[in-house]
Amino acid sequence: MKFGRVRKMRICLWLMLIMTSAFFVCAGECEGAVEDRILKSWTKSQSRSERDGMQSVNVKVTYYSAEYVEALIRAEAEKNLWTRDEEERYRYNLLRTLNLEENIAFHVEFDTTGTPVYLQPFDRHLKLYVGKKVLSPAEYDKRFNFKLQGKRDGMIWFSRFDEKTGKNQMDGIKQLRLFMSGSMSTATTSGGDLIFVWDITRDDPSVLNKGTAADRLEMDRLIKRLEKLNTDRAGFQKQLDAIDTELSELTSRVEEIQRH
């Protein structure tokens with residue numbers, strides 16, 4: 001009887017372990033499915049081909065929303081089994097590269113077949129509609145300027161702030177529309193511009209301002225600001241010294257004239 005009870009207890013423990021393992025596996029798969037759905041939701045695709053099949057162009061564009069960035073970090077951490085510190089290092093390097101404090105960032109991927117595509121200069125094919133404003137790229141991956149055949153991907157950045165007013169151009173914006181000129185290749189000419197649209201009404205950039213990575217990025221910005229202010233002060237001090245020298249010379253001359 002005693003042996004039977006022990007055996008039953010062991011069976012129960014094994015069942016509990018199996019159920020617990022199954023729960024965590026299921027939870028991991030559910031989280032992975034959610035992240036995959038989020039990542040895909042911020043990527044837009046279009047394909048164009050010539051009627052004679054001489055050239056085809058497939059384009060994927062991803063907008064780096066706060067939700068996308070968070071999902072990407074979680075997905076990479078789970079895939080690589082990172083520790084918390086490793087995840088924070090990745091977060092810091094990613095956010096520093098994207099520089100979302102100052103930029104609106106996109107990732108573009110081309111997959112072409114047939115005759116080559118020539119995009120140089122690539123920025124003349126791009127327009128970003130932020131509300132009623134039309135922006136040109138502030139920077140982009142210069143590899144897009146070379147002959148394109150097969151796959152190539154890279155980044156595009158637009159300035160988040162108005163150059164004249166200093167105002168954040170994303171304030172109150174509900175939609176982003178990225179236009180790629182249909183004239184960029186023979187495959188896209190007949191169909192007109194390629195238009196990629198994102199609804200950003202629920203995107204909350206403030207979710208990125210957390211953790212040690214956010215602290216490090218803020219420290220980087222503060223140090224950069226301090227360096228600029230010190231440089232400005234040195235320039236102003238030089239001007240002030242020149243003014244003081246001239247004042248001294250003028251005062252001496254006035255006193256000299258008064259003595260005669």
Okay, side chain of [X], backbone of [Y]: is any donor-acceptor separation there less than 3.5 Å?
X	Y	value
Gln55	Ala187	yes
Gln169	Ser159	yes
Glu86	Thr83	yes
Ser49	Ser56	no
Gln149	Thr112	no
Ser185	Val117	no
Asn145	Phe122	yes
Gln46	Ile195	yes
Asp162	Lys164	yes

Hydrophobic cluster identity match, [X] and [Y], side-chain contacts under 4.5 Å:
X	Y	answer
Leu126	Leu135	yes
Met155	Tyr68	yes
Val197	Phe179	yes
Met184	Tyr129	no
Val134	Leu176	no

I'd like to know whether [atom1] of [X] has more than 12 heavy-atom contacts from other residues, nucleotides or ligands below 6.0 angstrom.
X	atom1	answer
Glu163	CD	no
Lys60	NZ	no
Phe161	CZ	yes
Arg177	CZ	yes

Query raised in the report: Has Arg152 got its NZ or CZ under 6.0 Å from the middle of the six-membered ring of Phe110, at an angle within 45 degrees of the ring axis?
Result: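 Pair Arg152/Phe110 does not count as cation-pi.
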
Requested in this report: Assess Lys142 against Tyr140: is NZ or CZ under 6.0 Å from the centre of the six-membered ring, and within 45 degrees of the ring's axis?
Outcome: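 Checked: cation-pi criterion met.
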
What heavy-atom pair brings [X] and [Y] nearest, and what distance separates the two atoms?
X	Y	result
Thr188	Gly182	OG1-O, 2.6 Å
Asp203	Ala66	OD1-N, 3.0 Å
Gly192	Arg48	O-NH1, 2.9 Å
Lys147	Pro116	CG-CB, 3.6 Å
Val108	Phe144	O-CZ, 3.7 Å
Asp193	Ser181	OD1-CA, 3.4 Å

Report task. Run the numbers on Trp157 and Leu100 for side chain to side chain contact (heavy atoms under 4.5 Å, CB included), then give the verdict. Result -> CA-CA 9 Å; Trp157 290 271; Leu100 297 179; over 6 Å; no

Query - Member of Phe196, Trp198, Tyr64 meeting the ring-ring contact (aromatic ring centres under 6.0 Å, His included) criterion with Phe106 - result: Trp198

Query raised in the report: Sequence neighbours excluded, which residues qualify as side chain to side chain donor-acceptor pair (under 3.5 Å) partners of Thr231?
Result: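 Result, side chain to side chain donor-acceptor pair (under 3.5 Å) vs Thr231: none returned.
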
Between [Y] and [X], is there a salt bridge with N-O shorter than 4.0 Å?
X	Y	answer
Arg84	Glu87	yes
Lys210	Glu70	yes
Lys40	Asp36	yes
Asp141	Arg143	yes
Arg74	Glu78	no
Asp171	Lys167	no

So do [Y] and [X] actually touch side chain to side chain, heavy atoms under 4.5 Å?
X	Y	value
Val59	Val57	yes
Met170	Val130	yes
Trp82	Tyr90	yes
Tyr118	Leu148	no
Asn103	Arg160	no
Val34	Arg37	yes

Query - Val61/Thr43 under side chain to side chain contact (heavy atoms under 4.5 Å, CB included): CA gap, chis, key distance, verdict - result: CA-CA 6 Å; Val61 184; Thr43 298; over 6 Å; no

First locate atom [atom1] of [X], then atom [atom2] of [Y], and finally report the distance between them rounded to the nearest 0.5 Å.
X	Y	atom1	atom2	answer
His125	Ser183	NE2	OG	6.0 Å
Leu208	Glu101	CG	CD	8.5 Å
Leu240	Asp244	CG	CG	4.5 Å
Asp52	Thr115	CG	OG1	8.5 Å
Asn58	Thr113	CG	OG1	7.0 Å
Thr186	Arg51	OG1	CZ	13.0 Å

Requested in this report: Could you go through the side chain to side chain contact (heavy atoms under 4.5 Å, CB included) check for Val207 and Asp204 one step at a time?
Outcome: CA-CA 6 Å; Val207 301; Asp204 182 11; 3.7 Å; yes

Report task. Using only heavy-atom distances, determine whether the side chains of Asp199 and Thr201 contain a donor-acceptor pair under 3.5 Å. Result ->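 Yes, because at least one side-chain N or O of Asp199 sits under 3.5 Å from a partner of the opposite role on Thr201.
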
Query raised in the report: Distance only, no hydrogens: is a donor on one side chain within 3.5 Å (strictly under) of an acceptor on the other, for Glu67 and Trp42?
Result: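 A donor-acceptor contact under 3.5 Å links the two side chains.
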
Query raised in the report: Run the salt bridge (Lys or Arg N to Asp or Glu O under 4.0 Å) check on Glu88 and Arg91 step by step: do they pass?
Result: CA-CA 5 Å; Glu88 284 298 307; Arg91 176 188 294 271; 3.6 Å; yes

Requested in this report: Mind running salt bridge (Lys or Arg N to Asp or Glu O under 4.0 Å) on Lys228 and Asp232 for me, showing each step along the way?
Outcome: CA-CA 6 Å; Lys228 184 180 185 304; Asp232 291 345; 3.0 Å; yes

Report task. Decide side chain to side chain donor-acceptor pair (under 3.5 Å) for Ser248 and Thr245; before the verdict, give the C-alpha distance in whole Å, the side-chain angles of both, and the deciding distance to 0.1 Å. Result -> CA-CA 5 Å; Ser248 178; Thr245 299; over 6 Å; no

Requested in this report: Let me see the working for Ile200 and Gln175 under side chain to side chain contact (heavy atoms under 4.5 Å, CB included), right down to the final yes or no.
Outcome: CA-CA 5 Å; Ile200 59 171; Gln175 187 181 84; 5.7 Å; no

